[in-house]
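Presented below is the structure to which this report refers.
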Number of protein chains: 2
Amino acid sequence: MRIAILAHEQFPDGAKTAVGVLRYSDHDVVAVLDRERDGERVADHDETLPDAPIVASLSEVDAPIDALLVGISPIGGGFDESWRPDVRAALERGCDVISGLHYFLTEDGEFRDLAEENGCELWDVRRPPDDLGVAEGVADEVEATVVATVGTDCGVGKMTTTLELVAGARERGIDAAFVPTGQTGIVIEGWGYPIDRTVSDFAAGAVEEMILARGNDHDYLFVEGQASVAHPAYSPVSTAILHGSMADELVLCHAAGRERFHGFSQELPPIPEFVDLHESLAASVGGSEVVAGALNTRTIPDDAEAHAAVEAYADELGLPAADPIRQGTGVILDAVL
Amino acid sequence: MRIAILAHEQFPDGAKTAVGVLRYSDHDVVAVLDRERDGERVADHDETLPDAPIVASLSEVDAPIDALLVGISPIGGGFDESWRPDVRAALERGCDVISGLHYFLTEDGEFRDLAEENGCELWDVRRPPDDLGVAEGVADEVEATVVATVGTDCGVGKMTTTLELVAGARERGIDAAFVPTGQTGIVIEGWGYPIDRTVSDFAAGAVEEMILARGNDHDYLFVEGQASVAHPAYSPVSTAILHGSMADELVLCHAAGRERFHGFSQELPPIPEFVDLHESLAASVGGSEVVAGALNTRTIPDDAEAHAAVEAYADELGLPAADPIRQGTGVILDAVL
């Protein structure tokens, strides 16, 4: 798909979805819309991303595109009315619009009418389907080995680790697939259920449904984790993924230096307790083994210090560990495969 | 409130909500509607319940009532069209209608119109409000001691245990309140959020909001648990309650002889592991201690055998335990208070 990505005033640091799609999706990104960076290029900000021009509005995108992606999500997930001309212009050109906002484009009268008139689709990634069901505890019947990332907290690199593991496994010639559970992953994969937006009773069922849909077509499934089973607010999302996926193996993701849950006063439990906790919780669905750790060392500028932090993390876990971005996924994949 | 309870063809064994409301609510139940038991009385079926006549339809209820409660929930939670005349008659008499069905009466055009014309309210107990938020990890700031029931599985007696604990504590002169988390509990209490129907991201927040709303008005809050943190499908509901309530103390509920999760092929973990699992999971929010067990011995007819089962359960737990119905809550309350 040829896409443009809306990221006004936020590219690249405030545009997690935009950057994730640039880095990991198969889509051909024709342009990024950021009216504050008009005339710059993606490569000016991050040389490791596929390059694309940055323009001020959709009307400046001359190349044909299949879809416009809203690649930012302000706090609260609302729709900024200053984006309306871009979405309108996309629909008038016959492009689909993909959004991960809490505000649903499919409930906006103007967008719905324009989409209908122009034969386009509106895809609200964060809207789970109405027909989800209760998990039946059968995800372990698929042929694939199921590997899930789990975490000590939100924002420690579970999505990135999962995507890097898929890429690394494929480089080794393994038939691996990504199972997304959050909005950015869903946009990258073009498919998936947003488990955080799913009714509690059906959250594990939504995960199970994804495993069953893909689990006999690949040798390995890598399931994107969310939050932490110990998280004061989001643990339901994490347990839904753990029990719904019935993962065979787990990779525990953590961020160097993180001592408290982000935005909360509560301290993280000690690292070794996370291993026991996940394995105890998963025992009721056949058991999962934590086989490796992934440490996000982005906050440590010095390479030697970062490597030392990874070593210390591996010691605490008693398992192999690596920073998937700084060191690659080789060590983790050796433990997983 | 003076209420009639609709329980067609299901009273009493298939009418869990009806029986729960009869036994535990402060409402004055004027009649039960069950067209198969027309002319019988509640006391014919269960002498421990407050007595009331059973009639075939609402038109046979002459006494004034404030509300009609739909006290049954068929598999799937749908609305049986044969109940429509009773709901219609209630609204035409100016009565409110309370329902725990998945089918929302507020989305039924006829009922909505009738409610408006007659100045009545439709209360869909299973519909969470739209403005729930994320938990902030602050439920431990309330003055009350928070006690939650937790379980090894669904249907092991968590609601009953919680309600009996509240009643027992009040008999001891303690200012105790019930915090409901499921439809029957909500109807009994006249207030509360259905955590199983809440979006995963907000499920712990909904529990926290209830604790904050009541926690400074009472000395003890008894929080109704749901399912089990080890459950293959419903664990998100259980972790939401555990983390959202930040309970000080837990009472572990179990059903004698239950070896597998009801409706699933998976075996329950050993009882002592449930104690460790709950305490490990709760460590991140300040810690909870499992202080006692409640065993449902309904399936054991013989008293001596039932008592032996309770003793064996207490041994496995290494904690005091009782069947709250058969033996009362004294032993459990001694551990809790």
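In what follows, chains are A, B, ... by sequence order, proteins preceding strands, each numbered from 1. The figures here come from the full heavy-atom set of this structure, side chains too, leaving out hydrogens, waters and symmetry mates.
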Heavy-atom pairs under 4.5 Å with chain A are the metric here; pick the option from B:Ala139, B:Ser284, B:Ala204 that has the most. B:Ser284

If you compare all heavy atoms of B:Ser280 against all heavy atoms of A:Leu277, which two are closest, and at what distance to 0.1 Å? CB-CD1, 3.8 Å

Does anything in residues 222-239 of chain A get under 4.5 Å of chain B by heavy atoms, and if so which residues? A:Val229, A:Ala230, A:His231, A:Pro232, A:Ala233, A:Tyr234, A:Ser235, A:Pro236, A:Val237, A:Thr239

Below 4.5 Å, heavy-atom pairs only: which of A:Ile195, A:Asp276, A:Asp201, A:Val134 has the largest tally toward chain B? A:Asp201

Is the number of heavy atoms from other residues, nucleotides or ligands within 6.0 Å of CD (B:Glu136) greater than 12? no

Do any of residues 100-107 of chain B come closer than 4.5 Å to chain A, heavy atom to heavy atom, and if so which ones, in number order? none

Taking the side chain from B:Ser200 and the backbone from A:Arg197, do they hold a donor-acceptor pair closer than 3.5 Å? no

Under 4.5 Å, heavy atom to heavy atom, which residues of residues 250-272 of chain B contact chain A? B:Phe261, B:Phe264, B:Gln266, B:Glu267, B:Pro269

Greatest number of non-hydrogen atom pairs under 4.5 angstrom with chain B, of A:Leu281, A:Val207, A:Leu242, falls to A:Leu281

Select all residues of residues 142-158 of chain A having any heavy atom within less than 4.5 Å of some heavy atom of chain B, and report them by number, or 'none'. none

Which one, A:Gly137, A:Pro128, A:Ala203, leads in non-hydrogen pairs under 4.5 Å with chain B? A:Gly137

